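This one's a predicted model, so the numbers in the text were calculated from it and none came from an experiment.
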Amino acid sequence: MVSKLLLNRRLCLAFTLGSAVYLLAHLCGLRLLDCPIQQLFDKPCPGCGMTRAVTSLAHGEWQLSLQQHLLAIPYLILFSFIGIAAFIPDKHRDSFAQIIQFTANRTYWPQLLASLTILYFLTRLVIYH
């Protein structure tokens, strides 16, 4: 599944450029979008705090980042994979996607990350709300 995303250059470019614009705006102190789930239900979504956590990482504030969103680093690694796939040549992107798929099949990291995200989300709902 991850490899299919990585093979789609346009989707990777859109995702990478959109994320970069959003993160740069946040680094400059601009708020482009409030979380619609937070606005509608007054509860955090699974990604709430992720932008602040990545911004804290960019400033070298590791502990603050972990407090804002525990899974920011694994997601930043995933976003990096998508960014790499957006810009490398086709022949290298195919090999890159195969390597990522091979590791995903051996380690189940996408399923683990999804499971941890759900567990983290539910834990935050119980503890903080």
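A continuous path of hydrophobic side-chain contacts links L78 to L70 [ILVMFWY only; heavy atoms under 4.5 Å]. In terms of hydrophobic clustering, with Ile, Leu, Val, Met, Phe, Trp and Tyr side chains grouped at heavy-atom distances under 4.5 Å, L64 and L76 are assigned to different clusters. L112 and Y108 are members of different hydrophobic clusters when ILVMFWY side chains are connected at heavy-atom separations under 4.5 Å. Cluster membership for L116 and L57, using ILVMFWY side-chain heavy atoms within less than 4.5 angstrom, is shared. No path of Ile, Leu, Val, Met, Phe, Trp and Tyr side chains, each step under 4.5 Å between heavy atoms, connects V2 with F87, placing them in separate hydrophobic clusters.
In this structure, T123 has no side-chain hydrogen bond (donor to acceptor under 3.5 Å, both in side chains) partners at least two apart in sequence or on a different chain. In this structure, the ring pair (Phe, Tyr, Trp, His ring centres under 6.0 Å) partners of Y120, at least two apart in sequence or on a different chain, are H69. T117 meets the side chain to side chain contact (heavy atoms under 4.5 Å, CB included) test with P46, L71, Y75, L113; sequence neighbours excluded. For Q101, the side chain to side chain contact (heavy atoms under 4.5 Å, CB included) criterion is met by S3, A104, N105, not counting sequence neighbours.
The structure places SG of C48 at 6.0 Å from CZ of R124, a figure rounded to the nearest 0.5 Å. Taken to the nearest 0.5 Å, the CD1 atom of I37 stands 11.0 Å off from the CD atom of Q39. Once rounded to the nearest 0.5 Å, the distance linking CD1 of I100 with CG of L5 reads 11.0 Å.
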Enumerate donor-acceptor pairs with a distance under 3.5 Å from any side-chain N or O in residues 18-35 to protein atoms, sequence neighbours excluded.
residue	atom	partner	partner atom	Å
S19	OG	F15	O	2.8
Y22	OH	L33	O	3.2
H26	ND1	T55	OG1	2.9
R31	NE	D34	OD1	3.3
R31	NH2	D34	OD1	2.4

Return a table of donor-acceptor pairs under 3.5 angstrom between the side chains of residues 88-97 and protein atoms on other chains or two or more places apart.
residue	atom	partner	partner atom	Å
D90	OD1	R9	NH2	2.8
D90	OD1	R93	NH1	2.8
D90	OD1	R93	NH2	2.9
R93	NE	L6	O	3.4
S95	OG	K91	O	3.4

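Pairs engaging residues 27-67 under the ring-ring contact (aromatic ring centres under 6.0 Å, His included) rule: none recorded [sequence neighbours left out]. Here salt bridge (Lys or Arg N to Asp or Glu O under 4.0 Å) pairs that include residues 60-71, with residues two or more places apart or in two chains, number zero. Listed by first then second residue, pairs satisfying salt bridge (Lys or Arg N to Asp or Glu O under 4.0 Å) with a partner in residues 77-86 number zero, not counting sequence neighbours.
Contact check for V54 versus F79: no side-chain heavy atoms found under the 4.5 Å cut-off.
Shortest non-hydrogen contact noted between S65 and A53 is OG-O, 3.0 Å. For the pair C12 and I82, the tightest heavy-atom approach, listed with the atom from each and the gap, is CB-O, 3.6 Å.
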